[in-house]
There are 2 protein chains.
Amino acid sequence: MISQTTEYALRAIVTLADKHPQPMTTEQLSEHTQVPTGYLAKVMQQLTKGGLVSSQRGLHGGFKLVSKPKDITMLDVVRILEPLPRINSCPLEIGDHGTDLCPLHRRLDNLIAMVEKQLTSTTIARLLAEKNANKPLCSGRIKD
Amino acid sequence: MISQTTEYALRAIVTLADKHPQPMTTEQLSEHTQVPTGYLAKVMQQLTKGGLVSSQRGLHGGFKLVSKPKDITMLDVVRILEPLPRINSCPLEIGDHGTDLCPLHRRLDNLIAMVEKQLTSTTIARLLAEKNANKPLCSGRIKD
DNA sequence: ATATATCAAGATATATTTATCCTTTATATG
DNA sequence: CATATAAAGGATAAATATATCTTGATATAT
């Protein structure tokens with residue numbers, strides 16, 4: 001439904017947002033998000049290339065959000081890791097036939113559209129505003 | 001979002017439904033759905049084990065739907081191939097904390113719930129009723 | 001400058017998904 | 001019973017997703 005990698009990215013962005021505009025290192029992010037450090041490093045690279053975060057090497061470096069949490073939607077994150085593939089033409093057809101998908105693929109595309117809409121309508125700031133017990137992710141391990 | 005395998009299964013079920021209650025062989029289904037024959041055979045096995053279709057070996061054998069198209073929902077098909085994993089406890093937490101997910105995972109779970117709801121509300125019969133140009137899938141290659 | 005902190009990039013490893021092929025088993029029909 | 005048909009099952013292969021590790025590049029502080 002939503003890949004592991006994408007879910008990791010969302011965890012990281014939420015965590016960065018909570019500290020915004022302070023930078024966080026991969027190590028710190030890994031602790032907070034419980035994502036394996038090495039893999040998270042790759043995910044952060046993708047988010048950097050995608051323009052969502054900026055990176056800074058060296059002492060006191062790390063990653064930080066390029067925009068404010070209120071200006072980042074969940075879809076902004078998701079689409080960097082796994083562009084939700086809208087169905088524009090039937091996979092069966094030789095050519096395409098515009099909006100004239102068969103009922104099955106019309107439904108499947110509507111489903112994706114619905115998910116996109118939901119993801120677009122939720123900003124990262126909104127997630128922070130709803131946070132429980134002062135924690136943006138529900139881990140008990142966050143060390144403040 | 002929805003795996004290739006699941007999408008193949010939906011194609012096959014829709015095709016079977018269109019001919020219901022006639023059985024169709026893997027070969028025939030493969031032609032109609034454009035799914036690789038060998039792989040489709042495996043998918044059909046899963047659908048059989050899942051109880052959605054019955055299989056019959058030998059001459060005039062093949063697969064047919066166990067229930068009527070109007071009694072099969074898209075979710076019935078999807079859940080055999082990839083059980084949509086609802087998020088009941090936070091992936092981060094050591095234990096679980098009931099309905100008290102963090103905002104991020106609450107949203108992600110809601111998303112899955114929404115998809116489930118849509119898939120449940122669409123029967124295969126409904127897809128057939130909407131079919132274009134008398135074809136349940138939009139392939140130009142169906143030989144009637 | 002030098003030492004330290006930190007990300008970037010590439011190679012490699014493992015798991016899962018997708019796909020193919022071959023042999024075996026079951027069934028219908030002459 | 002013999003034969004043809006068709007699914008079941010197992011082995012293998014290829015592609016992709018997930019994960020680790022090492023080395024190199026770059027920024028900071030002293």
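For the numbers below, each heavy atom of this structure counts, side chains included, while hydrogens, waters and symmetry mates do not. Chain letters run A, B, ... following the sequence lines, proteins first and then strands; every chain starts at 1.
- At a threshold of 4.0 angstrom between heavy atoms, the contacts of B:Gln56 are confined to the sugar-phosphate backbone, with no base atom among them.
- No side-chain donor-acceptor contact under 3.5 Å links B:Glu130 to the backbone of B:Leu127.
- Look at B:Tyr8 and you won't find any side-chain N or O under 4.0 angstrom from OP1 or OP2 of C:dT18.
- Residue whose closest nucleotide on DNA chain D sits further toward the 5' end, between B:Thr48 and B:Gly58: B:Gly58.
- The phosphate of D:dA17 (OP1 or OP2) has no side-chain N or O of A:Ser3 nearer than 4.0 angstrom.
- Across A:Val35, A:Thr5, A:Thr33, A:Leu29, a single residue satisfies side-chain contact (heavy atoms from CB on, under 4.5 Å) together with A:Val43, and that is A:Thr5.
- Of the candidates D:dA8, C:dA28, C:dA8, the closest approach to any side-chain atom of B:His60 belongs to C:dA28.
- Pairing partner, D:dT12: C:dA19, with both Watson-Crick or wobble hydrogen-bond distances short of 3.5 Å.
- Counting only heavy atoms from C-beta on, A:Leu59 has its side chain closest to C:dA5 among D:dA19, D:dT5, C:dA5.
- Checked for salt-bridge contact, A:Arg106 and A:Asp109 meet the test: a charged N lies under 4.0 Å from a carboxylate O.
- Electrostatic pairing of B:Arg79 and B:Glu116 does not count as a salt bridge here, judged by no charged N lying under 4.0 Å from a carboxylate O.
- Using a 4.0 Å heavy-atom distance criterion, A:Thr26 is classed as a sugar-phosphate-only contact.
- Between A:Glu31 atom CD and C:dT6 atom C1' the separation is 15 Å, expressed in whole Å.
- With hydrogens and angles left out, the side-chain atoms of B:Thr73 and B:Asp76 include a donor and acceptor closer than 3.5 Å.
- Ranking D:dG10, D:dC21, D:dA7 by closeness to the A:Lys42 side chain, first place goes to D:dC21.
- The side chain of A:Arg57 sits closest to C:dT6 out of C:dA11, C:dT6, D:dA8.
- Considering only side-chain N and O atoms, A:Thr5 lies under 4.0 angstrom from the phosphate OP1 or OP2 of D:dT18.
- Look at B:Gln4 and you won't find any side-chain N or O under 4.0 angstrom from OP1 or OP2 of D:dT16.
- Residue B:Ser55 places at least one side-chain N or O closer than 4.0 Å to OP1 or OP2 of D:dA8.
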